[in-house]
Structure formats: structure tokens, C-alpha cells
Amino acid sequence: MTPAATAPAAPARRAGGGAPPERARIVIAGGGFAGLGLAIRLKQAGIDDFVVLERAAAIGGTWQANTYPGCQCDVPSHLYSFSFAPNPGWTRTYSRQPEIWDYLRGLADRHGLHPHIRLGHELTGASWDDDEQRWNVQTSRGDWSAQILVDATGPLSHPKVPAIRGLRRFEGKVFHSAEWDHDHDLSGERVAVIGTGASAIQFVPRIAGRVGELHVFQRTAPWVLPHTDRPTTRLERRIYKALPAVQKAVRAGVYAGREFFLLGFIKDRRFMAGAERVAAAHLRKQVPDRELRAKLKPHFRLGCKRILLSNDWYPALTRPNVDVVTEDISHIHGRTIVLADGSEREVDTIILGTGFHVTDPPTARLVRGRDGRTIAEASATGVQAYRGATLAGLPNLFKLIGPNTGLGHSSMIYMIEAQLNYVLDALRVMDERAVATFEIRPEALAAYNARVQSQMAGTVWMSGCASWYLDANGNNTTIWPDFTFRYRRQTRRFDPGAYVLRRSADVVRPALAA
Ligand SMILES: Cc1cc2nc3c(=O)[nH]c(=O)nc-3n(C[C@H](O)[C@H](O)[C@H](O)COP(=O)(O)OP(=O)(O)OC[C@H]3O[C@@H](n4cnc5c(N)ncnc54)[C@H](O)[C@@H]3O)c2cc1C
């Protein structure tokens, strides 16, 4: 790890201190897979006039922030990595957080990204200046002026704290799984875990044997499939190193298998019925106690919420010091969690495994478009983005992993790479046609979104469960409801006809735009 990757970049000017903003052609907010991936692609294309603003003290995004015990990817390593930067040395078939974080830091080193990265720089506001045809970008450590703003702040980077009365006044220790407090010793403590999603099922088995009591508060029992993770062998790693084509073939096989599984999500439920039988057998085998098994039985179609993989979640819940609580929480007072039925659990620490602000990220309230409204204000009925990347009224802005680009079955890195192709091609078009600004035409966006939502209807994600894929209006603004290769195809080229393009002052004529 280089020093530049771990310490805030210095020196920075104070916001509002009167100094003129720094200028860059492209400002990227967020230093996770998406922001760093774009930085690499820009450098490969010979574009150097960009910065990456990262609020944290280190790059890596998800894999820097989530250091909870057991944090691991649930997509095989060969696919959960950039196709242009394969890693023959993965030590497990499903990588754990430290190894993915190392992978990203290694890429930043190898591609010379550090001079472009500004750590400890949180985007605090951005507004489009139509006269200057530039973005004014505010950060916690000074302002920037950019021709193009890329929001790569991540779909799962803003921890969600549940609205439980009294939680903020809890007299013990509280932390979110994405902000794990490693200085806090859980040994022998009475611990409550709220939530049974993808993070909780990874860290609960790691802490269950260490704590005195563990109360796991479950609202919905998830579907859990057996995990096939294993260490890779030295021979495998040697083969991948010597023969990259073999690793490529393995990646292609993993990819194809995942796309095939998608049929169960979008077309034929019979595929899911098979997986449901496997998951039900997994539960029967690992949880002999009938009463506990009944609590852990899911009551929605597999795939409607994220499918979880684990071999040690159920065994952890059968331990004598672990209690699965399905009663709703009424409120908290002092150190006591009071349930809706009046019963109580007194605990020393509460760990929130309650996920993230996915459909309502804070950045939507920070970025203002041409009419001065924030993204949140302009999209009261649900946020929409053309190709998941460009938004109405927001010229020269790309959102990476924007609306309807999330997946329930495969690797987000594949989707990120597709978006990077789109951004790079847009830059090519801008350069070739002397375009100063692009802005998605509302009718193109509406038609695109209507197609996405009509494909969404009838998929497993809309089969009636409450999930973080749905926004406050019940719309699924998170998931890409089709094969990922179709998304890749749609984003291979920037499509100027869908945009209003302007030179410094003029609207580019339709003939040019077509
Ligand atoms: C625990 C966990 C496990 C996951 N497992 C998988 C998996 O198995 N498979 C899969 O496909 N996906 C998984 N994901 C989803 C994962 O987030 C994506 O795969 C991918 O890492 C997203 O990359 P990103 O760069 O878009 O976002 P992130 O990695 O979240 O990076 C966003 C960056 O933006 C920064 N940022 C946020 N706000 C600001 C601001 N205002 N100013 C400046 N910087 C800001 C953040 O600090 C962060 O560094 C998982 C997510 C989590 C949380």
C-alpha cells in the first residue's frame, strides 16, 4: 500500500475561503471500483485532466469501508474483478474483503492513479452553471470547477440507521456493520444484531462464539444457499499465471452460469423452484430444532430479495447463547430493547446490519441541475437514468451504477465496465464533434425507462416481498431486469441522438447530433 493511498491528500484549501476553485476537465466523486475503474480507463485513453475525490482516508470504496469480521464477496473472484486486470493470484474462489481491497490498491499503484486522488475530500455540493457550461463542485476541502462530473459515490456506501425510538439514546455501544468498531471488544458481552441480510449473515458466525449472549433480530428470514467457497490451490494459481487464457475461460464459464441462472429471476420460476429445494434442504440439515427452523423459513420467492450464501449462518443460530428474535422492536430505553409483545432484552452493544440508503442516497440531495433543483427534488416519483448513467436536467453528468444497474445474480464489476465503455465513448464523441455539453432528452429517458420497467413487471423482484431494491413508491429503481450482456451491448457506444448536444453556446444541429 502506498502512503498516498492511506492518508488524506494535503494540503487542501478551506471551502469558501475565497480561493478560486481548482479546475479539471473531469471530476470523479468516489474512489471505489467504479471511480478507480474510470480513472484507469481515462489514463489508458491518454486523458490526464481529471481528479478522484474520495471522502474516506483511503481508496477502495465498499472494500475499504466494510471491514467487519467475515466480509466476503458472494460472486466468484474471477468475475468479481476487472476483465482488463485479471488477478491470477486470488487465494480463494470467493475473495474476502482484505484481498479485494489489496487488489484495488494494487491497481491504483500500477496505473499511477495516486497523483489524481484526493483523499478526505467529501463532495458536499455540486451545481451546474449554464453560462460557464461547467460544474461547480464543493468539497469538504475546497472547490472544483469541472466540465464533466462523474458521480461514483456507490450504491451501498451510505449506511442506513433504522428509525427505532430511543436508538440514539441507547446507553451502550452502537455501530453499523459498515463502520465496524475494531477497538470495541465484544468478548463476553450481551450483543444485539439488528438485521439478517448479506452482512449480518457473514459477521454473526464470526462473533457468536465470542460474545456472552447474541440476540439476532430478524424481520424477514432470508433464503440461504450452501456456499461453495474454497481456497484456490497453488497449481491453479500457477496455471492462471502462466496461461491467462485458462483464467479467462474460467471467468467466461462463471459468467455464463450466472446468466443462465437469471432465467429463474426473469422468465421461468421453475429454475427457482430447484434452488428453493436446495435451500430448504440446507435449512433442514443444519437446523434440527423445529421451532427455530420455522422462524428461519423464508416466506417469499427465492431471488425477490438478495440470495445469501453461507455454511455457517444456520449453525451459528443453533448455539445455546444465540436467540433469534422475530418479534418487532417497539423501542429502546437505557440498555433495554423493548419488543412489541412487551418482552425485553438487555444488551451492551447493538450492531446494525441494516443495509444502506440505496434508493435515497444523500448525494441526490447535493447535486443541483440546470434548473437549480437537486436530483431528489427533480425525481420525487423515483429516480430515472438513461442507460443507468445520465439524468434529465443534469448536463455533463454521469452516474456510475445509477438507477436500474444493480444485479441480483452476477458481478457489479461487469456492469461498471459496461458504463465505463459508455463514458469513454461519450468523451470520444465530445472531442470529435467539439461538443461542450450533452444532456439527455426527456423523451429518450422516458422511453428507456418505460422499457426497463415493463421488463421488470413479472420478474421475481416484483413478486411481492419488501426489499431494498424498491424505492419509497414501490418502484424497482435498483435492478437491471435483463441479461447483463444486453446492458453491455446497449452501453458499448454513446448514442448522440438521445441527447441535446451543444457547442460552447449553440445547440448542435440535429444533422450533427444524429
Ligand atoms: C458488504 C458488501 C458486500 C458486497 N458484495 C458484493 C458482491 O458479492 N458482488 C457484487 O457484485 N457486489 C457486491 N457489493 C456491491 C458493491 O458495492 C459493488 O460491487 C461495488 O463495489 C460498487 O463500487 P462503487 O465504486 O460503485 O461504489 P463503492 O465501492 O461504494 O465506492 C463509492 C465510494 O464513494 C465514496 N463516497 C461516497 N459519498 C461520497 C462523497 N459525498 N464524496 C466523496 N466520496 C464519496 C465512498 O467513500 C466510496 O469510497 C457489496 C457491497 C457491500 C457493502
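We count ligands from 1, going down the list as the structure has it; atoms in each ligand are counted the same way. Every value quoted in this text rests on a predicted model; they were computed, and no experiment measured them.
- When the salt bridge (charged side-chain N to carboxylate O under 4.0 Å, His left out) test is applied to R168, no partner is found at least two apart in sequence or on another chain.
- Remark: R92 fails to qualify as a cation-pi partner of W90 under the 6.0 Å distance and 45° angle criteria applied to the six-membered ring.
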Can you list every pair where an N/O of ligand 1 is under 3.5 Å from an N/O on the protein?
| from | atom 1 | to | atom 2 | distance (Å) |
| --- | --- | --- | --- | --- |
| ligand 1 | 8 (O) | D74 | N | 2.7 |
| ligand 1 | 8 (O) | D74 | OD1 | 2.6 |
| ligand 1 | 11 (O) | M412 | N | 2.8 |
| ligand 1 | 17 (O) | T62 | OG1 | 2.7 |
| ligand 1 | 19 (O) | Y80 | OH | 2.6 |
| ligand 1 | 21 (O) | Y80 | OH | 3.1 |
| ligand 1 | 25 (O) | F33 | N | 3.1 |
| ligand 1 | 25 (O) | A34 | N | 2.9 |
| ligand 1 | 29 (O) | T62 | N | 2.8 |
| ligand 1 | 29 (O) | T62 | OG1 | 3.1 |
| ligand 1 | 30 (O) | T62 | OG1 | 3.4 |
| ligand 1 | 41 (N) | L123 | O | 3.1 |
| ligand 1 | 42 (N) | L123 | N | 2.7 |
| ligand 1 | 44 (N) | R55 | N | 3.2 |
| ligand 1 | 47 (O) | E54 | OE2 | 2.7 |
| ligand 1 | 47 (O) | R55 | NE | 2.9 |
| ligand 1 | 49 (O) | E54 | OE1 | 2.6 |
| ligand 1 | 49 (O) | E54 | OE2 | 3.2 |

Mind listing the side-chain donor-acceptor pairs of residues 23-35 below 3.5 Å, one per line with the distance, residues two or more places apart or on another chain?
| from | atom 1 | to | atom 2 | distance (Å) |
| --- | --- | --- | --- | --- |
| R25 | NE | Q147 | OE1 | 2.9 |
| R25 | NH2 | D431 | OD1 | 3.2 |

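- Contacts of E377 classified as salt bridge (charged side-chain N to carboxylate O under 4.0 Å, His left out), with partners at least two apart in sequence or in another chain: R368.
- A side-chain contact (heavy atoms from CB on, under 4.5 Å) with F398 is found for exactly one of L149, L38, T390, L420, namely T390.
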(message) For a salt bridge (charged side-chain N to carboxylate O under 4.0 Å, His left out) check, start with the C-alpha distance between R134 and D129, then their side-chain angles and the critical distance, and finish with the verdict.
(response) CA-CA 5 Å; R134 290 181 78 82; D129 182 334; over 6 Å; no

